[in-house]
Amino acid sequence: MSNTVLSDLSNGVRTITLNRPSALNAMNTELVGALVEAFEAANADPETRAIIFTGAGRAFCAGADLKERRDGLSPEQARANTERVQQVTREMIFGDRLIIGAINGWAVGGGFEWAIGCDLPIWAESARAFFPEVEWGLFVTGGATAILPALIGPVKTKEMMLLGKRYTAAELLELGVAWRVVPDDQLMVEAQAVANRIASLPVRAVRDMKRVLNKATYADVETAIALETDAAVRGSTDPATAERIAAFGRSA
């Protein structure tokens, strides 16, 4: 596995850490591929009873690494990239290991989608999140078009995805997107305590509970993923989107 994602197991709790801190854990091809491998391995590992998902450094994940897109993407590249991102969601939502999110700093775009995909998302007080995709001419992924409306309703989802508002952890708690908000220096302590509690419960009961609840609550996630993928490919290959990203690259 690439060192862009770290995976460590201790007493039944596996901590999966996005590890590109100098780039605010932005999603490049290497990181996404390594994250797919990390979740696949965790979901197949009989010793893994709970997962903590977090980011190294000052951010959970700053979204897509636009530097990789400066020269544009072919439809084939765009689809392959999107499918890898969507596979992370499948492992998170349909895998039966419970995931405790420890969301630090910024969770942007795809990073926000991964935070939403956690079963019990704990946010640091200073954490912030937003969806920038529409501004760039891109589209959300991560099954967010099914998961987020189930959490907060379709109208608030449209506001969140279309208008690009920056949300505080406290606002996300009020909306029901965050499960708990804790002081920054207590984030990993709280996540570890919850993970230990989950790991102490009967394994079969926990896994059945997650599997049944997610399939019942997010029955349309696979449909959403397919529709998101098609829309994401259209956005990624739109010449106007490519020009926006290229202009960003020239100014960065």
Side-chain angles (χ1 to χ4, degrees), residues 1 5 7-18 32-54 60-61 82-103 107 110-123 140-154 157 172-173 175-180 190-229:
M1 187 185 301
V5 174
S7 183
D8 300 294
L9 180 68
S10 177
N11 298 320
V13 176
R14 183 171 294 280
T15 301
I16 294 176
T17 307
L18 303 176
V32 174
L35 190 59
V36 171
E37 292 179 12
F39 274 115
E40 286 177 343
N43 282 325
D45 175 23
E47 300 302 316
T48 297
R49 298 164 68 95
I51 297 170
I52 296 172
F53 185 22
T54 193
F60 175 66
C61 175
T82 305
E83 288 288 359
R84 278 191 292 270
V85 172
Q86 300 290 42
Q87 187 58 30
V88 173
T89 297
R90 291 187 179 95
E91 292 295 327
M92 292 181 68
I93 300 299
F94 300 123
D96 57 12
R97 272 58 170 184
L98 203 90
I99 302 170
I100 295 93
I103 315 303
F112 193 10
E113 292 148 24
W114 286 343
I116 290 167
C118 295
D119 299 294
L120 297 173
I122 305 172
W123 288 66
V140 299
T141 55
T145 55
I147 296 169
L148 196 55
L151 293 173
I152 65 174
T157 296
L172 295 173
L173 180 66
L175 285 169
V177 174
W179 174 52
R180 291 182 183 173
E190 183 73 10
Q192 190 67 54
V194 174
N196 289 343
R197 171 63 176 146
I198 296 296
S200 74
L201 297 172
V203 172
R204 179 194 51 77
V206 172
R207 293 179 185 173
D208 282 350
M209 186 66 72
K210 171 172 176 172
R211 184 185 304 110
V212 173
L213 277 172
N214 278 11
K215 285 188 175 180
T217 305
Y218 306 137
D220 294 329
V221 166
E222 277 292 1
T223 300
I225 285 174
L227 294 171
E228 287 172 358
T229 299

Distance check, rounded to the nearest 0.5 Å: [X] atom [atom1] versus [Y] atom [atom2]?
X	Y	atom1	atom2	answer
Leu175	Leu148	CG	CG	8.5 Å
Phe112	Leu172	CZ	CG	5.0 Å
Ile103	Arg180	CD1	CZ	14.5 Å
Leu227	Asp220	CG	CG	9.5 Å

CG (Asp45) with more than 12 external heavy atoms under 6.0 Å
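Yes, enclosed.
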Would you check if [X] and [Y] make a side-chain contact, meaning some heavy-atom pair closer than 4.5 Å?
X	Y	result
Glu190	Val194	yes
Arg84	Gln87	no
Ile147	Ile93	yes
Trp123	Phe60	no
Val85	Thr89	no

Applying side chain to side chain donor-acceptor pair (under 3.5 Å) as the test, list every pair that has at least one member in residues 145-154; sequence neighbours left out.
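The answer is Thr145-Glu228.
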Test of understanding: with side-chain hydrogen bond (donor to acceptor under 3.5 Å, both in side chains), list the residues that count as partners of [X], not counting sequence neighbours.
X	value
Arg49	none
Asn214	none
Thr141	Glu113
Glu40	none

Is it true that a side-chain atom of Thr54 and a backbone atom of Ala102 form a donor plus acceptor pair closer than 3.5 Å?
yes
Looking at every heavy atom in both [X] and [Y], which two are closest together, and how far apart are they?
X	Y	value
Ile99	Asp119	N-OD2, 2.7 Å
Leu18	Cys61	CD1-CB, 3.8 Å
Ala224	Ala146	CB-CB, 3.7 Å
Ala50	Ile100	CB-CD1, 4.3 Å

Just list the side-chain donor-acceptor pairs under 3.5 Å for residues 198-209, sequence neighbours left out, or say none.
| unit_1 | atom_1 | unit_2 | atom_2 | d |
| --- | --- | --- | --- | --- |
| Ser200 | OG | Arg197 | O | 2.7 |
| Arg204 | NH1 | Asp208 | OD2 | 3.4 |
| Arg207 | NH2 | Thr48 | O | 3.1 |
| Asp208 | OD1 | Arg211 | NH1 | 2.7 |

According to salt bridge (Lys or Arg N to Asp or Glu O under 4.0 Å), who are the partners of Arg97, at least two apart in sequence or on a separate chain?
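Salt bridge (Lys or Arg N to Asp or Glu O under 4.0 Å) check on Arg97 returns nothing, list empty.
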Taking only residues two or more places apart in sequence or in another chain, which ones pass salt bridge (Lys or Arg N to Asp or Glu O under 4.0 Å) with Glu91?
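Glu91 satisfies salt bridge (Lys or Arg N to Asp or Glu O under 4.0 Å) with no other residue.
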Given Asn11 and Asn196, is the side-chain contact (heavy atoms from CB on, under 4.5 Å) satisfied, shown in steps?
CA-CA 8 Å; Asn11 298 320; Asn196 289 343; 5.6 Å; no
Counterpart residues, side chain to side chain contact (heavy atoms under 4.5 Å, CB included), relative to Ala150 (two or more places apart)
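Listed in chain order: Thr217, Tyr218.
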Excluding sequence neighbours, so at least two apart, what forms side chain to side chain contact (heavy atoms under 4.5 Å, CB included) with Ile16?
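By the side chain to side chain contact (heavy atoms under 4.5 Å, CB included) rule, Ile16 matches Val5, Ser7, Arg14, Leu35, Ala38, Phe39, Ala42, Ile51, Phe53.
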